[in-house]
Structures are given as structure tokens and as C-alpha cells.
Amino acid sequence: MKGLLTLKDLHKDKILELIEYALQIKNGLKVSYPGKKVVTLFYENSTRTHYSFQCALLNLGINVIQCNTETSSVQKGESLYDTVRTFEYLGVDGVVIRSSQDEYFKELENINIPIFNGGDGKSNHPTQSLLDLMTIYEEYGKFEGLKCCIIGDIAHSRVAHTNIEVMERLGMEVYISGPEEFIDDSAKYIPFDEAIKTMDVIMLLRVQFERHEEKMEMTISDYHARYGLTKEKVDCMKEHAIIMHPAPVNRGVEIADDVVECSKSRIFKQMANGVYIRMAVVSSALDGKL
Ligand code: ASP
């Protein structure tokens, strides 16, 4: 099984190579795989990852087959392995999968076509991290020495967990902040107000209610008052610092409405970069380089 499941076993040179390749595509490099077919299999809700993979595949001239998990035999109890194995034998060239099961791909080791992980549980979201890294690289031209704080529901976030591991490996200083109930031991904690003043990258997270086993202790308005990024807080950020968010954003919770598209925000640029990075990932896998 090839493709992209996690960044943990991807060498740092390969990560930089993928970012450079995505930048070349963004700058007009044409790559095309006519006649290829890729299935998208999403067991969890998604807008950006799902449709950005679709746009990436269409841009590469690849036919997209959307597997409807509501009407497929998954509803008759078919396993993920048997579903993916079926696509392999139907002659599909790759499968994009999102699942709430952590490391679902471990049961797919015998599959012979590339699998592209569109997010698994609270563990990995490799293409999201790559597009985040691409956006940071476009801004600063380097990773070494940059300071990033990820703020919010760290404990339930595959984006935070993936980014912390890879950013540290690339020489960035990574911190976490937010309410105590959402903080885990994945990076050093820093108080929110201190983070705002000292970081090069402020990365916000949505409160991921659907993954909570217990009700959040504070109210939404308390959350916004204490940890929400407001215009006043943005004014305390370093001059060159940027705001990122994997989205979906919850305006008025982790971020104020007027901050979403302020001059420091790179949120929509991240989405645009997602298409290029996914083109680079799929193209590299189909070329046997991933
Ligand atoms: N879109 C991201 C994810 O799939 C972040 C989120 O849902 O809040 O994990």
C-alpha cells in the first residue's frame, strides 16, 4: 500500500519536496493522468478536504468516483477492508478515505493501490498539515526558528497532533494554549495572552464537540471572551505574524467575525493551497514516488 497515511514516517526532505512540487503546480506546471480513476470514501462530514481532493483530482484529469457510504454495502456491515479491496479489483487507481477510527489504515496493509488519508479520528490529517506548512513556507520561506502556537481544542484535534510532530521536526518551536480541559501533553503550554504577543503563527482550532465524551465546562460566550481571537487581540500580534485555521471556522467562538478575513488571516489561502498540495500528493503517488 502506497499513498499518504501519516507524516510520521515521511522524511523531512520528502515533505519539503512535496511543498516545492505543490508550489510549481501553483505556478503553472501542468500534470495530467487521463483515464485514471480515484474513489473518495468519507465516513465523516467534510467540505474542504473532500471537495479539495475532488478539485485536485479533476485538475489532474482523473475521474472521481464518490462512494456514497449511506447507500453502499457499508450499511450492510461490509468492512472497510472489503470495501477498499473491492475498489482495487474494480480497477480503481487510488482511494481517499476519511474515518473517525484512529489509524483505520492499519487494517488496509494488504491493499495494493494508494490510499490517501483524509483524516483519521484524533490522530492524522497529513494533507491538512502539508497545506499548512506550504502556507507558512510561502509566508516566511523557512521553518527553522519560527514560533507557532495552536490554540483551542488540542486534545480532540488530528490537525494539532499532526502539525506538532512535523513542525517540531522541521525546526519550529511549537506551543499549545486554550482551556485546561482541552490541553494534552503534545507540546509546551503557553498562556493565551503571551502567545498572541510572541508568535509568528497563531493557529486556531474549532471546538470539536462531536468528539467530546463530556460536555464542555465553559459556555460558548465564555470561551469567546477568554480564548477567542478578537480584533483587539489581533492588534497585539507581531507585525508580520499570521493567523491560520484548518476550518470549518465557528465565527464568534474561537474567532471573531471581523478577524476571519483580516489582513493577517491566511485562512482562505490555506484552502486554495490545499488543492495544490493534494495534486502534488496524488501525482507523486501515481508516479510511484510516494
Ligand atoms: N477540518 C479539520 C479536520 O478534519 C478540522 C475540523 O474539523 O475542525 O480535522
Side-chain angles (χ1 to χ4, degrees), residues 4-8 40-56 66 69 95-105 115-136 148-167 174 176-179 181-184 186-187 201-213 216 220 223-224 227-229 243-257 259-260 265-278 281:
L4 183 63
L5 308 171
T6 167
L7 293 185
K8 286 182 199 143
T40 59
L41 188 55
F42 278 67
Y43 292 94
E44 252 190 25
N45 295 346
S46 172
T47 300
R48 267 148 299 278
T49 306
H50 195 171
Y51 297 103
S52 147
F53 257 113
Q54 275 208 30
C55 289
Q66 276 200 59
T69 50
V95 186
V96 181
I97 304 175
R98 167 171 290 189
S99 168
S100 52
Q101 193 191 318
D102 289 286
E103 300 188 318
Y104 65 80
F105 44 81
I115 308 290
F116 304 101
N117 185 5
D120 61 288
K122 299 172 203 159
S123 300
N124 300 277
H125 200 344
T127 56
Q128 175 71 47
S129 282
L130 287 173
L131 73 88
D132 291 342
L133 293 173
M134 177 180 174
T135 308
I136 293 170
C148 171
C149 184
I150 308 180
I151 298 163
D153 190 359
I154 310 289
H156 302 98
S157 172
R158 53 188 169 222
V159 177
H161 296 139
T162 311
N163 269 334
I164 291 165
E165 188 278 327
V166 70
M167 284 177 172
V174 192
I176 52 179
S177 194
E181 58 183 306
F182 294 153
I183 294 299
D184 60 17
S186 52
V201 178
I202 291 289
M203 183 177 288
L204 303 167
L205 298 175
R206 175 179 70 89
V207 180
Q208 292 137 104
F209 292 104
E210 76 280 13
R211 294 191 197 136
H212 292 183
E213 274 153 27
M216 183 167 78
I220 298 282
Y223 187 95
H224 186 64
Y227 299 103
L229 190 63
I243 301 161
M244 298 176 71
H245 191 315
V249 297
N250 284 165
R251 291 173 187 249
V253 186
E254 72 277 9
I255 186 164
D257 192 25
V259 173
V260 176
S265 169
R266 297 294 177 270
I267 298 173
F268 285 93
K269 185 174 185 186
Q270 285 173 266
M271 296 178 204
N273 282 345
V275 176
Y276 301 113
I277 215 76
R278 290 176 175 118
V281 166

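Numbering starts at 1 and runs along the sequence shown. Numbering of ligands and ligand atoms starts at 1, following listing order. All figures in this text were calculated on a predicted structure; none of them were measured in a lab.
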Contact region, R48 to ligand 1, non-hydrogen atoms below 4.0 Å, reads neither

side-chain contact (heavy atoms from CB on, under 4.5 Å) against E165, all qualifying residues, sequence neighbours excluded: K8, R169

Q128 to ligand 1: N or O pair under 3.5 Å? no

Does R98 have a heavy atom less than 4.0 Å from any atom of ligand 1? yes

Should Q208 be counted as touching ligand 1, given the test is an N or O pair under 3.5 Å? no

Proximity of A247 to ligand 1 by residue part, where a heavy atom lies under 4.0 Å: backbone

V159 contact mode with ligand 1 (heavy-atom cut-off under 4.0 Å): side chain

Matching residue for T162 among L130, L7, D120 - test: side chain to side chain contact (heavy atoms under 4.5 Å, CB included): L7

Report yes or no: do E103 and N124 form a side-chain donor-acceptor pair below 3.5 Å? no

Name all residues meeting the side-chain contact (heavy atoms from CB on, under 4.5 Å) criterion together with Q101; count only those two or more places apart in sequence or in a different chain, and write none if there are none. S99, Y104, E107

Side chains of D102 and K122 in contact at under 4.5 Å (non-hydrogen atoms): yes

Between R98 (side chain) and F42 (backbone), is there a donor-acceptor pair under 3.5 Å? no

With the threshold set at under 4.0 angstrom, would you say T49 reaches ligand 1 through any of its heavy atoms? no

Could you tell me whether the side chains of S52 and R278 share a donor-acceptor contact shorter than 3.5 Å? yes

Any donor and acceptor pair, going by atom type alone, linking the side chain of N117 with main-chain N or O of L5 inside 3.5 Å? yes

Does the residue P248 have a heavy-atom contact with ligand 1, meaning some pair of atoms that are separated by less than 4.0 Å? yes

Which residue owns the protein heavy atom closest to atom 7 (O) of ligand 1, what's the atom, and how far is it? R206 NH2, 3.0 Å

Suppose I only count heavy atoms of H125 and a 4.0 Å limit; which atoms of ligand 1 are within that range? 3 (C), 4 (O), 9 (O)

A student checking ligand 1 against R158 at a 4.0 Å heavy-atom cut-off should list atoms 3 (C), 4 (O), 9 (O)

